[in-house]
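See below for the structure under consideration.
Throughout, a chain's letter reflects where its sequence line sits, starting with A, and its residues are numbered from 1.
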Amino acid sequence: MADRWKVLILLSPALLLIVGLFLGGLFLGLIGSLGYMPLLGREEISLDAYRKILASDRFYHSFLMTFYISFTSTIIASILAVGAALILRRHFFGRSVINFLFQINLTVPHLVGAVGILYLFSQSGFFSRLAYEFELIARPSDFPAMIYDPLAIGIILQYVWKEVPFIGMILLANMQTFGQDYEAAARSLGANRWQGFRYVLLPLLTPGLLAAALIVFAFTFGAYEIPALLGQNYPASLPVLAYQSFTDVDLNARPEALAMGMIIAVLSAVMILGYARLTRRYVRS
Amino acid sequence: MSNGTVTRQEDISHDGLSGPAWFALILLISWLVLPLIPLGIWSISRSWFFPDITPSAYSLRAWTYVFSTTSEVLPALGMTTFIALCATLLSAIIGLPAGRALGLYQFRGKAVIELLILAPTIVPGIAVALGLHVVFLNLGLAGSFSGVLIIHLIPTLPYMVLVMAGVFANYNPEIEAQARSLGAGPIQTFYYVTLPAILPGLLIGSLFTFLVSWSQYILTLLIGGGRVVTLPLLLFNFASAGRNDITGAISMIYILPGVVLLLLGARHLTGRNSATESLRQI
Amino acid sequence: MTDVTLENLTKTYPGETIPAVNDVSMRIEGGSLTALLGPSACGKSTILKMIAGLLAPTSGDIRFAGQSILHLPPNRRDAVMVFQNHLLFPYMTVGENVGFGLKMRRLPKKEIADAVGRTLEFVQLDSMEKRKPSQLSGGQQQRVALARALVLRPKILLLDEPFSNLDANLRLEMQQLLNSLHQELKTTMLFVTHDQEEAVALSSKIALILGGTLRQYAPAVSLYQKPQNQEVAKFFGAKNFIPGECASGYFDCSLGRFALPDGAPDTGNILTIRPENFVIGADGNTENSVQATIVSKQFLGNQTRIEMRKESISFEALLPPHIAEPFEEGTTVAVHFPRRSLWVLS
């Protein structure tokens with residue numbers, strides 16, 4: 001009983017802050033998206049904002065675009081991260097230097113990465129100049145558009161760049177906890193190297209990999225600055241569209257912005273539940 | 001992959017790398033480091049036009065501008081640092097007790113509370129900040145330092161709590177009882193016994209928290225409304241305005257704390273899931 | 001019934017100068033149950049891993065039925081290893097775990113299911129097929145690990161401290177199970193242990209490994225009674241080492257002349273006798289007897305330890321408490337060194 005009070009007292013400042021700011025923010029966003037904004041003199045509740053955005057092509061295209069970007073980035077980053085982790089777990093000459101370089105962009109802010117990608121892949125960027133040098137193109141506009149482009153290649157490149165080390169480090173940590181004994185057991189039982197990876201290591205890594213991928217997906221789905229810097233105007237990614245609607249001079253666009261915020265939040269909530277399930281099952285086994 | 005006879009005996013422990021593995025590794029590492037290189041070169045170039053592979057003229061113009069008293073960069077640097085320091089301090093004060101509760105005690109509803117604390121690290125900040133904006137506006141917090149500081153606590157506090165929960169999970173509280181029975185008061189016990197034991201973890205948690213705040217863009221933009229100017233806001237503006245040299249110089253300053261952290265804590269980082277996960281917010 | 005030959009097997013780990021396994025040569029007879037015995041980190045697990053193909057030897061050869069198998073990867077050696085901490089794949093059921101090796105060989109599903117059922121019956125776990133490993137007890141998990149290896153009918157079964165994570169009762173039960181499995185299957189089995197009693201109870205022959213080298217490879221009785229050198233003798237609990245000289249069937253030392261048993265080495269400068277083999281207080285005139293002073297006496301529960309000294313030589317005896325009772329500290333007694341209990345080391 002004494003413990004329960006102690007726990008409550010210890011937790012209450014953090015919980016107050018998270019409930020007040022985080023849940024409060026989400027709640028205000030929800031009622032705002034329903035058109036209830038007493039501070040702005042609106043008090044009727046309706047689903048108009050949702051009806052409106054779900055009927056508009058602009059939202060629909062943005063949603064698909066964002067989903068496509070997140071999905072593609074997550075898949076590519078996950079595959080590369082598995083490969084990278086398989087190599088980096090070995091012992092080889094210069095491993096500590098390579099490890100440092102592998103982790104370096106974990107601490108580099110997304111925005112810096114986005115600018116770097118911009119300077120590498122824009123039509124006047126480094127690779128374009130390299131192509132000119134080798135006489136593959138005659139002028140900047142001959143270089144394939146990878147920034148502000150409909151396929152969002154620049155954005156995907158940036159996310160992959162940033163998230164491969166993140167997923168890779170989580171996989172490496174997982175591999176370290178399993179050790180190599182499971183694979184040794186599998187090899188001894190007759191599995192060749194590929195089978196050892198496919199039937200033993202990969203299933204062992206799957207919960208951790210999925211959890212990391214869910215986090216990455218949720219993040220990329222809600223990130224603003226990267227698509228704002230590297231993305232095209234139409235269809236803009238969902239967070240960019242939400243921000244634009246929110247800062248629109250027409251106050252009627254606000255509930256729509258909040259509704260888009262809610263859609264982003266609901267999607268990430270699904271990811272959190274998935275994450276919680278995965279990590280719990282993973283801890284049990 | 002084949003079942004065919006292996007002519008050379010291989011160790012299952014895989015010491016060393018094969019040729020293709022080296023190639024793939026070097027390709028990957030180059031790709032990870034590559035985007036940082038043009039930033040560095042831009043910061044010291046005077047003119048670098050298409051189709052030059054390297055700048056045609058170098059100068060320290062961008063750096064001189066960045067450090068001049070008339071530019072916005074130094075005040076922004078100060079503002080970013082100050083917000084990050086305050087956010088770290090507040091997160092530590094609020095997060096340490098919560099981490100202790102989660103690390104040391106089992107209680108009903110713990111899983112729900114952990115999920116609630118984890119949630120802000122996964123739900124994108126924009127969804128929360130859009131909702132809070134009106135309230136902040138009415139409380140006079142929008143466009144102010146305090147408003148930005150408070151909104152930064154949403155992403156920073158959970159990391160501090162999670163890191164500290166991990167620290168306290170490996171902490172034996174009986175050492176405090178021992179100190180008390182030897183005559184130490186509660187404050188003395190905290191200062192001489194608890195703090196030294198959790199200090200390494202607290203430092204790591206603080207460094208991450210600092211970096212998480214340091215990297216915030218959209219929260220600062222939404223709540224600061226352009227009146228609280230931090231480095232990422234300047235960086236974004238200079239990048240969209242095409243001032244590549246100044247953008248490069250600001251980028252170099254902006255990545256500095258993270259690289260220093262990595263150099264200091266590389267050993268602590270590797271193999272720690274919670275640590276890696278907190279870096280994802282940056 | 002494959003016999004396994006190790007020839008000058010040596011392993012030096014990268015970055016180390018002292019070999020973990022140094023020039024080990026031995027022949028493991030087909031169908032035998034052999035123990036590799038030694039303290040932790042003596043190199044015995046390294047030998048097992050080299051046979052399994054999980055580690056490459058630095059030099060030397062390993063032959064199954066006369067054929068070198070060094071070029072074969074672990075999955076094609078038919079030398080299956082059972083690990084100390086069972087290493088059951090946590091996301092597979094017990095049945096899937098046991099069927100794993102057969103699935104890797106791409107056997108038809110039906111055949112796998114039959115073999116899995118039969119093998120699980122064999123280790124008395126047929127009711128557990130659908131469970132996850134985490135739902136089993138420690139002993140059951142290790143039985144599944146055994147079944148998972150046995151289902152493949154390996155040429156040689158390698159067991160790396162298979163029971164050391166289990167409590168004493170369970171360990172006995174598992175030893176009996178292994179013994180009966182061996183009786184029935186006649187598979188060549190090589191198991192690593194640091195537990196003397198386990199090695200003695202299970203195996204027909206024991207290879208004692210100390211510091212990476214093979215010290216003696218013989219039946220258990222020989223290791224106790226006829227150790228090759230002082231280290232082997234010490235490992236098996238010998239206590240008394242008396243310096244002196246051999247002279248055709250006798251051993252001369254400062255305690256006097258001792259008659260040696262038939263078959264004792266005729267060279268060597270150390271006489272040894274196990275502490276439990278002394279006879280104290282007998283007639284002082286029989287052969288191999290000396291008068292010694294009791295220095296200390298210590299009751300150990302089921303035994304009593306008596307330390308004695310004559311001149312500068314001290315030796316210790318372990319006697320049943322009721323026999324040790326009359327002897328007092330400080331008194332001088334006649335101590336008999338039975339001829340058949342003596343052994344000479346060099």
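- Chain A is approached within less than 4.5 Å, heavy atom to heavy atom, by C:Phe100, C:Gly101, C:Lys103 from residues 94-103 of chain C, ordered by number.
- Ionic pairing of C:Asp114 and C:Arg118 is not present here: no N-O contact between side-chain nitrogen and carboxylate oxygen is shorter than 4.0 angstrom.
- Side chain of A:Arg95 to backbone of A:Arg90: a donor-acceptor contact under 3.5 angstrom is found.
- Using a 3.5 Å distance cut-off with no hydrogens or angles, the side chains of C:Thr46 and C:Tyr13 do pair a donor with an acceptor.
- Within 6.0 Å of CZ on A:Phe197 lie more than 12 heavy atoms contributed by other residues, nucleotides or ligands.
- Between C:Asp78 and C:Arg105 there is a salt bridge, with a side-chain nitrogen of the basic residue lying less than 4.0 Å from a carboxylate oxygen of the acidic one.
- With ring centers used as reference points, A:Phe71 lies 6.0 Å or more from A:Phe221.
- Applying the side-chain hydrogen bond (donor to acceptor under 3.5 Å, both in side chains) test to pairs two or more places apart or on separate chains, those with a residue in residues 53-62 of chain C are C:Asp61-C:Arg63, C:Asp61-C:Ser68.
- Checked against side-chain contact (heavy atoms from CB on, under 4.5 Å), A:Ser78 has the following partners two or more places apart in sequence or in another chain: A:Thr74, A:Ile167, A:Leu209, A:Ala213.
- Using non-hydrogen atoms only and a strict 4.5 Å limit, no part of residues 177-186 of chain C faces chain A.
- When atom types are taken as modelled, the side chain of C:Ser25 and the backbone of C:Asn8 share a donor-acceptor pair closer than 3.5 angstrom.
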